[in-house]
Protein chains: 2
Amino acid sequence: MAKNAVPEEQRRRRRPTKQGTVLTHDLIVDTALRMLREHGAQGFTARRLGLALGADASALYRYFAGLDELTRAIADELMHRAMTGWTPGGEWRADLRDLGLRIHAAYLAHPQAAVLAASRVSGRAHEIAADEAILGVLRDAGFPDPAAVRVYHAFVDQALAFAALDAASLALPVEAREADEAVWQATYARLPAETHPNIAATARLLSARMNASAYPAALDLLLAAAAAERGAGEGPAQA
Amino acid sequence: MAKNAVPEEQRRRRRPTKQGTVLTHDLIVDTALRMLREHGAQGFTARRLGLALGADASALYRYFAGLDELTRAIADELMHRAMTGWTPGGEWRADLRDLGLRIHAAYLAHPQAAVLAASRVSGRAHEIAADEAILGVLRDAGFPDPAAVRVYHAFVDQALAFAALDAASLALPVEAREADEAVWQATYARLPAETHPNIAATARLLSARMNASAYPAALDLLLAAAAAERGAGEGPAQA
DNA sequence: ACCCTTACGTCAACGCGGTTGACGTTTGTC
DNA sequence: GACAAACGTCAACCGCGTTGACGTAAGGGT
């Protein structure tokens with residue numbers, strides 16, 4: 001654990017790095033996201049990040065107590081990107097569907113960061129804003145509090161779970177993905193019908209489906225169930 | 001990448017280690033699982049594994065080309081444990097529900113391994129057996145091939161996604177979990193009603209729900225949707 | 001204008017990680 | 001009894017996160 005916690009708000013003295021860059025929380029987070037995108041999870045190391053910033057790796061510790069805290073900041077930035085520009089439209093199902101797809105997309109745009117971030121509570125501004133928005137949509141739609149919390153919980157877990165899983169395969173280093181693909185072709189695609197009739201019969205369909213995400217369908221299921229629950233406690237279901 | 005791929009089947013010469021143990025693929029995998037369970041993800045290192053086996057870390061490379069391949073083997077062992085003792089009961093919904101919960105439980109029993117394994121295609125015997133079984137249940141129940149593949153895909157993705165997410169929070173090192181909990185208490189539980197009315201109003205409900213898994217509910221939703229799809233194409237839905 | 005506190009970038013080092021190549025010992029085969 | 005193959009061990013390489021000491025520049029107080 002680093003000793004140097006971060007005062008977090010006001011920084012006064014700014015000294016440029018040897019190569020001229022001026023460090024900032026935002027600059028570090030943005031650069032980390034770019035490196036994750038371009039070089040995969042193996043691009044997310046303190047030393048490489050320092051190199052990309054034109055600074056020594058140890059300079060990062062003046063801004064974040066460690067990679068763990070930097071990861072939280074990245075998670076929050078992803079949530080920020082997912083939420084910017086969103087406004088509630090007044091129809092809770094459409095609103096939630098929109099939010100779910102936004103979160104999923106934001107995480108998939110940075111798969112490596114998503115894997116790191118999905119299971120953490122960042123507790124930062126944008127994550128809180130997203131939670132507040134989701135709960136607001138549900139409560140404004142007339143869900144009683146316990147039901148709203150149930151749906152909220154399922155909704156968030158599902159979005160993060162699928163984001164993490166879908167992202168995980170994108171996040172793997174290239175060699176690992178190629179290895180997995182090769183393993184699949186070498187085994188599943190060649191299983192004899194005598195021992196594995198079901199796989200053999202559907203091999204072509206299976207292979208075509210391999211890289212699609214099941215999230216949109218799962219999201220619709222969840223919203224349908226929520227609508228039923230609301231309808232049951234509140235009068236006829238809507239839309 | 002290691003040069004020494006593994007002949008994989010017949011090994012002849014066996015030499016005990018300095019401390020007497022005789023290495024085996026199975027022994028290595030079992031020991032790795034035990035260490036993951038007892039010491040968390042930070043227990044899963046080649047050196048510690050070697051130490052626990054009473055062997056030099058480099059001895060592992062005679063059995064697995066690298067940690068990547070060892071991870072595949074662990075994933076397959078988890079699937080093995082999930083499937084042992086399972087037999088189809090003839091009612092597809094009950095069968096799939098049982099399988100889903102088994103897979104979820106097997107992964108959660110070794111959270112650290114689950115996180116590593118969920119996104120990989122192991123291509124080994126037990127993973128293939130599970131896939132064959134799932135497809136078999138669906139096709140025997142009368143699902144036409146494209147529908148069977150759709151449901152199979154959603155089912156597997158969902159089980160792995162929730163297993164990975166639920167496992168991820170268990171898999172975090174203790175300090176990280178405590179940090180997340182502290183962050184939650186320090187922020188969410190104290191948000192004023194003026195700025196975050198929805199979170200403030202439901203804070204107690206939210207906190208109580210924090211550590212429950214949403215998987216069983218999500219699984220039931222998926223099965224209901226599958227039943228509807230089958231019913232639509234095949235006559236009336238059953239059970 | 002001066003100092004002097006304080007922020008913060010840099011350097012060198014520590015311990016640990018995966019992985020490899022050379023080396024030596026055991027084992028089964030002929 | 002010789003030989004080849006299997007395989008455990010050793011030493012080393014390089015990269016990782018992190019830390020503590022050190023230098024240096026920016027601002028505020030006087």
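Quick note on labels: first sequence line is chain A, next is B, and so on, each numbered from 1. The structure displayed is predicted, hence computed values, not measured ones.
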### Message
Is there a side-chain contact between A:Leu70 and A:Leu67 in this structure, where contact means two heavy atoms from C-beta onward sitting under 4.5 Å apart?
### Response
yes
### Query
Does A:Gln158 reach the side chain of B:Phe162, with side-chain heavy atoms less than 4.5 Å apart?
yes
### Message
What is the distance, to the nearest angstrom, from the CG atom on A:Leu51 to the C1' atom on D:dC16?
### Response
14 Å
### Message
Does D:dG8 have its OP1 or OP2 closer than 4.0 Å to a side-chain nitrogen or oxygen of B:Tyr63?
### Response
yes
### Task
Indicate whether any N or O donor in one side chain lies under 3.5 Å from an N or O acceptor in the other, for A:Asp157 and B:Tyr215.
no
### Query
How close or far is atom P of C:dC8 from atom CD1 of A:Ile28, stated in whole angstroms?
11 Å
### Query
Taking atom types as modelled, is there a side-chain donor on B:Asp56 or B:Ser58 under 3.5 Å from an acceptor on the other?
yes
### Task
Going 5' to 3' through nucleotides 10-17 of chain C, assign each nucleotide B (protein heavy atom under 4.0 Å from a base atom), S (under 4.0 Å only from sugar-phosphate atoms) or - (no protein heavy atom that close).
BB-B---B
### Query
Do A:Arg72 and A:Asp68 have side-chain heavy atoms sitting under 4.5 Å apart?
yes
